[in-house]
Amino acid sequence: MKQILWSGADFSLSQTLESGQCFRFEKDAGTGAYTAFAGDRAGVFMQEGPDVFLCKGRVEDIPFWRQYFDLERDYGTLKERLAAGDAVMAEAVSFAPGIHLLRQEFFETLISFILSQNNHIPRIRGLAARLCAEYGKEMGGWSAFPTPEELARADEASLRRLGCGFRAVYLVDAVKKVCAGGYAAEELERLGTEELRARFMEIKGVGRKVADCVMLFSLGRYEVFPADVWIRRVMEAAYFGGEPLSLRALQETAAARFGKDAGFAQQYLFHYGRMKKIGK
DNA sequence: GCCCAGGTATAAA
DNA sequence: TTTATACATGGG
């Protein structure tokens, strides 16, 4: 099977899947194909130039995957707007011009990014996989991401046994709050960014970083775009190649960008500075 | 075996 | 308000 999913510029399957937005995908080293999992769906995708193909999966899921990869949005214009008059963003955009913001299911994104704290990507992926295997619906060779109700069967002790560590109590609190209501898609859509962030941060273990990641990688809130994926790309660009950007330059740009929230930006960049050993 | 991670809660300054 | 630590665990 080889169904065309999309054809157009400004989209890179690999850049998008490997930009740290999602934790359930696999790359076939031989063919370069990616298997992506989202909720209880799975698909195998390949990209040849501007053409993206669904190579394995359900044809009726094609509209879902188009939405998931945010393929119908004009990223040319979006990127221009983001990079205008901003050297750091311009650098980020040219470093990874094919990144799209995923529209992942809300609960899966929330749980994944709670798992992400003080953790590295290979281990986050391992944890997510174990969570699916233990509590998600068996799909024949793989497991769906558990629903809030399914994950409500888990208590702190069993989550710790899975290896969640101190994040176990955070997961329990998140599941409890989501099951209690107030997190339906229509309700979240009604809230502005600030209200949404405050709502998420009521959950134990959800700080600004996780809240923003959920808004970015699930809810399409572009206004918080610079706070995560692009900044990370900039840091990688600064660390791995090209003209090195000083931490000071990044901080100044971030302070300008975040305005009143410069403190957060500093803290945020401090972490990345430490992580990537940039600056002093 | 050691190091450390797509942070956050909490204490201390 | 800002800055420093503890945290659980296992992938690399």
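By convention in this document, chain letters (A, B, ...) are assigned in the order of the sequence lines, proteins followed by strands, and residues within each chain are numbered from 1.
Spacing between atom CG of A:Asn118 and atom P of C:dA8 amounts to 11 Å, rounded to whole angstrom units. Separating the CG atom of A:Leu159 from the C1' atom of C:dG10 is a distance of 17 Å, rounded to the nearest angstrom. In this structure, the CZ atom of A:Arg197 is 16 Å from the C1' atom of B:dT8, given to the nearest Å. Straight-line distance from the CZ atom of A:Arg160 to the C1' atom of C:dG10: 15 Å, rounded to whole Å. For A:Leu162 and C:dT9, the CG to P distance is 11 Å, given to the nearest whole Å. Regarding A:Tyr170, its OH atom lies at a distance of 10 Å from the C1' atom of C:dA6, rounded to whole Å. In this entry the distance linking NZ of A:Lys209 with P of B:dT8 reads 7 Å, nearest Å. A:Asn119 has its CG atom 18 Å from the P atom of B:dC3, to the nearest Å.
A:Thr77 and A:Asp74 are linked by a side-chain donor-acceptor pair at a separation below 3.5 angstrom, with hydrogens and angles left out of the test.
The shortest side-chain heavy-atom distance between A:Cys132 and A:Pro146 falls under the 4.5 Å cut-off.
With respect to A:Arg160 and A:Glu156, a salt bridge is recorded, a charged nitrogen being found less than 4.0 Å from a carboxylate O.
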What verdict does the ring pair (Phe, Tyr, Trp, His ring centres under 6.0 Å) test give for A:Phe37 and A:Phe25, after you've listed the backbone C-alpha separation in whole Å, the side-chain angles of each residue and the deciding distance to 0.1 Å? CA-CA 6 Å; A:Phe37 302 91; A:Phe25 69 92; 9.4 Å; no
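For A:Gln117, taking side-chain heavy atoms from C-beta onward, the closest of the listed nucleotides B:dT8, B:dA5, B:dG6 is B:dT8. For A:Arg130, whose side chain is taken as the heavy atoms from C-beta onward, the closest listed nucleotide among C:dG11, B:dG6, B:dG7 is C:dG11. With distances taken from any side-chain atom of A:Arg123 to the nucleotides C:dG10, B:dG6, B:dG7, the minimum falls on C:dG10.
The side chain to side chain donor-acceptor pair (under 3.5 Å) analysis of residues 135-146 of chain A, with sequence neighbours excluded, yields the pairs A:Tyr135-A:Ser158.
The base of C:dG12 does not come close enough to the side chain of A:His120 for any donor and acceptor atom to sit less than 3.5 Å apart. In terms of polar N and O atoms assigned as donor or acceptor, the side chain of A:Arg167 comes within less than 3.5 Å of the base of C:dA8 in a complementary pairing.
Using P as the reference atom, B:dC4 and C:dT5 are 16 Å apart when rounded to the nearest Å. Straight-line distance between the P atoms of C:dA8 and B:dA11: roughly 14 Å, to the nearest whole Å. Atom P of B:dG6 sits at a distance of 22 Å from the matching atom of C:dA4, rounded to the whole Å.
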